[in-house]
Asks: 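I'd like to ask you about the structure that follows.
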2 protein chains.
Amino acid sequence: MTSTEPSSDEAANASIDAQTSGIQGALDLVGDRWSMLILRASFRGVRRFSAIQTDLGIAKNLLADRLARLVDADILARVPYQDRPVRHEYVLTEKGRDLSAVLIALMHWGDRWCHHGSAPTVLVHDECGEPIEHSVRCPACATDLSPGQIQSRPGRRAGRERTKP
Amino acid sequence: MTSTEPSSDEAANASIDAQTSGIQGALDLVGDRWSMLILRASFRGVRRFSAIQTDLGIAKNLLADRLARLVDADILARVPYQDRPVRHEYVLTEKGRDLSAVLIALMHWGDRWCHHGSAPTVLVHDECGEPIEHSVRCPACATDLSPGQIQSRPGRRAGRERTKP
DNA sequence: GTCAGTAAGTTGCAATTTGAAACCCACTCC
DNA sequence: GGAGTGGGTTTCAAATTGCAACTTACTGAC
């Protein structure tokens, strides 16, 4: 059996809070199943209330609630798509589009580990059709990094803490 | 005002379902706030029931529930860390470790857009201290890709659909 | 003018989940 | 025996989700 000791960096948790607030903030805004699925629909061009509702099979009250939250959070913008009568669709903002990495990572993981017998998807470069590569690199060392080789640090260079994601 | 038409790929949704099942499967397993935060704690070496509970401030019943689910899903494994009495900690499996990309992406996004006045973190290579680069590349073309340049395709090469994440 | 249809919600209520906190069990060690 | 630790389980109120009926604001056809 393995005997491992708990991490002993707990004295330095004051600035780990700075890191935590990033992911906490993200999860506060998008850390629920429906929000993620709505965002995924947006990336796929499904932007109207009825279309999203049909696509996801979500209750209308929940959809209205989530859309309002995502608009409040400036992740989606409510944009008119016609005049008579005026009708709106929900369009990703830049902030919302930046969530693509999260969705891609989720999809990758899901396809690898949750494919339930259906064919996994492959993400490809649209121009050449070859599978894409996801990487995390150190440009200074010109090497790819594994998750264990990443630390995070406050942006102000106030100190160093060793953490994993 | 912009007038955009809904995507017209809806006839091909039969194999978009294959893609959806990946992200649905992922969200079924980890698409809730507490599961994500527990996984984050695991990556940081916080693995014992009490330590996780204290770290996250989560209700014990929810923690027990989530841990059981994550163990059932083979994302965490329950590993003894001592004999007398026998005590267990929750350790990431390979499947669980593969979720690091999701957590890194969430952290990046949160740090960029949700920093609420606290100092954003920078993710760095632990050996040299330089900021890491996250990229999505096409190895065949040797170019970086933006989210709009990615398609997904069923793994069996049954057909092509243009989708975003 | 009336009516049907569409889009985008709102409302009411039951079911489910979350959250707080008390409680419990199984040890170990003094 | 008793205190302390670790890891839960149970109870119950509050919050959220989910279902489905209902509403509002049009437009266009007759």
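Note that the coordinates shown come from a computational prediction; the quantities given were computed from them, not determined experimentally. Labels below follow one simple rule: chain letters A, B, ... track the order of the sequence lines, proteins then strands, and each chain is numbered from 1.
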Asks: Output the rounded distance in Å from CD (A:Q53) to P (D:dC19).
Replies: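 From A:Q53 CD to D:dC19 P: 11 Å.
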
Asks: Which listed nucleotide (C:dG9, D:dG7, D:dT17) is nearest to the side chain of A:Y90?
Replies: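 Selected nucleotide: C:dG9.
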
Asks: Could you check whether any side-chain heavy atom of A:S42 comes within less than 4.5 Å of a side-chain heavy atom of A:L76, counting everything from C-beta outward?
Replies: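 Yes, close enough: below the 4.5 Å cut-off.
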
Asks: Please report the distance, rounded to the nearest Å, between CD1 in B:I38 and P in D:dG8.
Replies: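 Computing the B:I38:CD1 to D:dG8:P distance gives 12 Å.
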
Asks: Within the pair B:W34 and C:dG19, is there a side-chain N or O less than 4.0 Å away from OP1 or OP2?
Replies: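 Indeed, a polar side-chain atom of B:W34 lies that close.
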
Asks: Whole angstroms only, please: what is the CZ-C1' distance between A:R66 and C:dA8?
Replies: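 It works out to 18 Å between those atoms.
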
Asks: Between A:R48 (CZ) and C:dT6 (P), how many Å, whole number?
Replies: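 In whole Å, C:dT6 P and A:R48 CZ are 14 Å from each other.
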
Asks: By nearest heavy atom, map A:R33 and B:R78 onto DNA chain D; which one lands nearer the 5' end?
Replies: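 The residue closer to the strand's 5' end, by nearest nucleotide, is B:R78.
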
Asks: Can you check the B:L67 CG to C:dT18 P distance for me, whole Å?
Replies: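 My rounded result for the distance is 14 Å.
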
Asks: Look for any protein N or O under 3.5 Å of an N or O in nucleotides 20-30 of chain C and output each such pair with its distance, or none.
Replies:
{"from": "C:dA20", "atom 1": "N6", "to": "B:N61", "atom 2": "ND2", "distance (Å)": "3.0"}

Asks: Can you tell me how far C1' of D:dG7 sits from CG of B:L63, to the nearest Å?
Replies: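 Distance check: B:L63 CG to D:dG7 C1' gives 10 Å.
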
Asks: CD1/B:I23 to CG/B:D28 distance, rounded to the nearest 0.5 angstrom?
Replies: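 Reported value, rounded in 0.5 Å steps: 11.0 Å.
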
Asks: Report the distance from atom CZ of A:R69 to atom C1' of D:dA15, rounded to the nearest whole Å.
Replies: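 A:R69 atom CZ is separated from D:dA15 atom C1' by 11 Å.
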
Asks: Are any of B:S50's side-chain N or O atoms less than 4.0 Å away from OP1 or OP2 of D:dG7?
Replies: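 Yes, such a contact exists.
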
Asks: Which atom names give the shortest non-hydrogen contact between B:I52 and B:L67, and what distance separates them?
Replies: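 The answer is CD1-CD2, 4.3 Å.
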
Asks: Distance check needed: D:dC19 P versus A:D65 CG, whole Å only.
Replies: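 From A:D65 CG to D:dC19 P: 16 Å.
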
Asks: Assess, by modelled atom type and distance only, whether the side chains of A:Q53 and A:R48 contain a donor and an acceptor separated by less than 3.5 Å.
Replies: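 No, A:R48 and A:Q53 have no side-chain donor paired with an acceptor closer than 3.5 Å.
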
Asks: Could you please spell out the steps behind the side-chain contact (heavy atoms from CB on, under 4.5 Å) verdict for B:W109 and A:K95?
Replies: CA-CA 8 Å; B:W109 186 86; A:K95 183 175 176 182; 3.8 Å; yes

Asks: Within the structure provided, determine whether A:M36 and A:V102 are in side-chain contact (heavy-atom separation under 4.5 Å).
Replies: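 Heavy-atom side-chain distance check passes, below 4.5 Å.
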
Asks: Under the side-chain contact (heavy atoms from CB on, under 4.5 Å) test against B:L70, which residue among B:I38, B:L92, B:D65 passes?
Replies: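 Among the candidates, only B:I38 passes.
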
